[in-house]
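Written below as structure tokens is the structure these notes are about.
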2 protein chains.
Amino acid sequence: MSRRVRDIDANQDLISEGDSPEDVHLILEGFAVRYKLTTQGRRQILAYMIAGDFCDVHVTLLRRMDHGIRTLRPSRVVRISPGTLLEILERQPAIARAIWLCGLVDEATQREWLVNVGQRSAPQRIAHLFCEMHVRMGIVGLTSNGSFELPLTQEELGDTMGLSNVHVNRSLKELRESELVTLRNGQIVISDVDRLKAFSGFDPSYLHLERTAPFAPADTDIA
Amino acid sequence: MSRRVRDIDANQDLISEGDSPEDVHLILEGFAVRYKLTTQGRRQILAYMIAGDFCDVHVTLLRRMDHGIRTLRPSRVVRISPGTLLEILERQPAIARAIWLCGLVDEATQREWLVNVGQRSAPQRIAHLFCEMHVRMGIVGLTSNGSFELPLTQEELGDTMGLSNVHVNRSLKELRESELVTLRNGQIVISDVDRLKAFSGFDPSYLHLERTAPFAPADTDIA
DNA sequence: CGGCTATTTGAACACCTTCAAGTACGGTGG
DNA sequence: CCACCGTACTTGAAGGTGTTCAAATAGCCG
């Protein structure tokens with residue numbers, strides 16, 4: 001299976017909207033986004049994918065991709081044929097459950113993003129995202145003490161939150177000046193996690209952490 | 001199984017956030033929404049559920065509901081125990097696939113809603129939602145000639161789109177005066193479907209219609 | 001150094017919200 | 001039958017949040 005591991009540069013489409021990819025992709029390392037373009041040429045980023053995330057289990061049933069997937073950092077992915085995947089799902093119920101569970105958490109996250117964009121102010125949205133990524137990066141062992149790498153330009157942040165890059169800039173400034181959180185050179189530093197959570201209204205229950213993550217942290221050697 | 005069919009009034013919580021329901025619910029008839037409240041007391045509606053939609057397959061794996069489900073119209077639901085469901089999934093692979101497929105379309109819809117709220121203007125958002133519901137209601141045989149029932153107050157519409165009820169009102173007026181679509185007494189009338197699609201940037205591919213719906217239209221007698 | 005991209009700031013404007021008040025409508029009870 | 005009530009819808013006015021356009025600054029890489 002390790003034969004099917006591939007290294008991808010940053011800013012490459014792994015899969016484009018409309019594709020009917022042969023394989024399912026699993027991120028081993030790096031950072032990628034799920035995104036969609038509107039007819040008017042605007043972009044909405046739908047999800048961030050980090051180590052341990054499946055990109056597109058749906059292609060086993062749905063032919064066409066209704067969105068694209070793009071790396072933002074150099075990434076390592078493994079391609080799994082739907083046949084192999086279905087076989088694993090059948091033979092290893094524990095893994096099947098784990099993959100299903102991951103999908104459910106992804107869905108819950110998708111819902112929370114809608115709440116975020118629909119109901120919160122710009123600084124709150126950004127703060128909420130940072131709280132979420134702090135938790136997620138923590139699970140895979142990529143945080144240290146309220147600090148972690150988040151390789152996003154302000155424009156990409158804007159496309160995530162439904163905001164202009166200019167307004168993202170001003171909101172980040174506001175967060176910095178309130179000494180809640182700073183983002184510099186793709187590095188997040190959270191001064192006081194609890195204050196940031198309170199400010200953004202972050203409640204991690206949608207991440208369903210009580211269930212231990214089925215793919216263990218940092219153990220990216222699944223393949 | 002028909003023993004487990006229940007009729008519910010309008011505006012009742014079928015399941016509340018934090019619940020650990022025993023059963024999975026399937027809507028047979030009526031109209032319900034998935035929603036979430038923020039700490040600041042705002043509400044985001046996450047999905048509309050109509051005949052043939054599962055409310056909460058996730059509870060088979062995830063204990064706590066991270067959102068609530070509420071009827072907006074008198075509805076008929078059937079409760080299925082996770083055990084029964086898992087048994088069906090195992091014995092009837094065709095149904096298992098169908099249910100899985102439905103879930104994938106729900107996810108795709110969730111993504112498109114994020115695009116909608118994140119990237120489109122108020123009138124476009126509303127128009128896009130109406131296009132989507134026109135298709136969905138059509139699938140279950142509840143449209144007639146660009147017209148269908150959509151039992152939402154303007155406030156509920158606002159909670160769906162991340163807009164105030166006042167602005168929903170003005171946007172609806174705009175849509176009405178452009179002769180694109182009208183909403184009166186919970187009844188949608190689309191004058192020219194193609195113009196409405198063009199206006200809102202609606203592209204139905206995310207609904208994955210090429211795959212015929214596994215639960216046949218109007219045949220609500222699954223139970 | 002030069003050229004690229006990302007960030008930062010200013011100014012004007014648009015979209016959307018909030019508050020407030022008035023209107024329409026359906027249901028209930030005298 | 002009509003008065004009353006509650007809810008939803010409608011409209012106006014003022015203000016706030018976020019956008020757009022434009023230009024300047026900073027940082028990175030060849």
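Reminder, nothing fancy here: chain letters follow the sequence lines and each chain counts from 1.
- When rounded to the nearest whole Å, the span between CZ of B:R176 and C1' of D:dT11 equals 12 Å.
- For residues 169-192 of chain B, no residue pair satisfies the salt bridge (Lys or Arg N to Asp or Glu O under 4.0 Å) rule, not counting sequence neighbours.
- A straight line from CG of A:N169 to P of D:dA26 spans 14 Å, rounded to a whole angstrom.
- Listed by first and then second residue, the ring pair (Phe, Tyr, Trp, His ring centres under 6.0 Å) pairs that reach into residues 102-126 of chain B are B:Y48-B:W113, sequence neighbours excluded.
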Detail all sub-3.5 Å separations between protein N/O atoms and N/O atoms belonging to nucleotides 12-19 of chain D.
from   : atom 1 : to     : atom 2 : distance (Å)
D:dG12 : N7     : B:R170 : NH1    : 3.3
D:dG12 : O6     : B:R170 : NH2    : 3.3
D:dA13 : N6     : B:R170 : NH2    : 2.9
D:dG18 : OP1    : A:A122 : N      : 3.1
D:dG18 : OP2    : A:H167 : NE2    : 3.0
D:dG18 : O5'    : A:H167 : NE2    : 3.3
D:dT19 : OP1    : A:S164 : N      : 3.1
D:dT19 : OP2    : A:S164 : N      : 3.1
D:dT19 : OP2    : A:S164 : OG     : 2.9

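- Applying the salt bridge (Lys or Arg N to Asp or Glu O under 4.0 Å) criterion to A:R34, with sequence neighbours excluded, gives no partner residue.
- Taking a pair as Watson-Crick or G-U with both hydrogen-bonding distances under 3.5 Å, the stems of three or more pairs touching DNA chain C are C:1-30 with D:1-30.
- Every residue meeting the side-chain contact (heavy atoms from CB on, under 4.5 Å) condition with B:D53, not counting sequence neighbours, appears here in chain and number order: B:M49, B:I50, B:R136.
- In this view, A:H167 satisfies the ring pair (Phe, Tyr, Trp, His ring centres under 6.0 Å) rule with no residue, not counting sequence neighbours.
- With sequence neighbours left out, the salt bridge (Lys or Arg N to Asp or Glu O under 4.0 Å) criterion links A:K36 to B:E112.
- In this entry the distance linking CG of A:N185 with P of D:dC29 reads 11 Å, nearest Å.
- Qualifying ring pair (Phe, Tyr, Trp, His ring centres under 6.0 Å) partners for B:F199, counting only residues two or more places apart in sequence or in other chains: none.
- Straight-line distance from the CG atom of A:L172 to the C1' atom of D:dA26: 16 Å, rounded to whole Å.
- Interface limits on DNA chain C: the 5'-most and 3'-most nucleotides within less than 4.0 Å of chain B heavy atoms are C:dC16 to C:dC19.
- A salt bridge links B:D66 with A:R111: the distance from a Lys NZ or Arg NE/NH1/NH2 to an Asp or Glu carboxylate oxygen falls below 4.0 Å.
- Contacts of A:E149 classified as salt bridge (Lys or Arg N to Asp or Glu O under 4.0 Å), with partners at least two apart in sequence or in another chain: A:R73.
- Within the structure, ring pair (Phe, Tyr, Trp, His ring centres under 6.0 Å) pairs that include any residue of residues 121-164 of chain A comprise A:H128-A:F202, A:H134-A:F148 (at least two apart or interchain).
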